[in-house]
Structure formats: structure tokens, C-alpha cells
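The structure under discussion appears below in the form of C-alpha cells.
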Amino acid sequence: MVLLNDGTTGGGFVTIGTVISPDLDLIALSRPSATSRFLAVTMDKAIEARKERQKKFSDLTDLLR
């Protein structure tokens, strides 16, 4: 179960990890009952992935202008 910003962290749910923001789209697009694999990443890798995603959106925005 992946809880997003509006999900509570209490109520018996144990937090075992965090999905990095660039991967939230992949989680959102997954089919119900699909199996997902989670890999550990360092904070530096997570920040790098966020910067790459922001650059892709920036490039797309520039292309559409």
C-alpha cells in the first residue's frame, strides 16, 4: 500500500519506505493487483532523478512553445 500526501501515517500502518517523486507516476499508472518492485536509492540518486524529471518537463514545455 502506498499512501500519498493525504494518507495518514498512523492507524497501524508501518512506514517501511518512501517512493521518490519521479516514480509516483509509475505507481499511479500501475494496474490494480499489479506487482511492484522497490529498490533502495540514496538521497543523492533521488535528487538526481528529480532533477532529470524536471529537465524533461522543461524540455517538453520549451518544445510546445
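Since we're looking at a predicted model, the values are computed, not measured.
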If hydrophobic clusters are built from ILVMFWY residues whose side chains come within less than 4.5 Å, do Phe38 and Leu24 share one? yes
Suppose we screen for side-chain hydrogen bond (donor to acceptor under 3.5 Å, both in side chains). Which residues come up paired with Asp62, at least two apart in sequence or across chains? none
Residues in side-chain hydrogen bond (donor to acceptor under 3.5 Å, both in side chains) contact with Asp44, at least two apart in sequence or another chain: none
Separation between [atom1] of [X] and [atom2] of [Y], rounded to the nearest 0.5 Å:
| X | Y | atom1 | atom2 | answer |
| --- | --- | --- | --- | --- |
| Glu48 | Thr42 | CD | OG1 | 8.5 Å |
| Ser58 | Leu63 | OG | CG | 11.0 Å |
| Met43 | Ile20 | CE | CD1 | 10.5 Å |

Flag the pair Leu60 / Leu64 as yes when at least one side-chain heavy-atom distance between them is below 4.5 Å, and no otherwise. yes
Can you check whether Asp25 reaches Arg53 side chain to side chain, under 4.5 Å on heavy atoms? yes
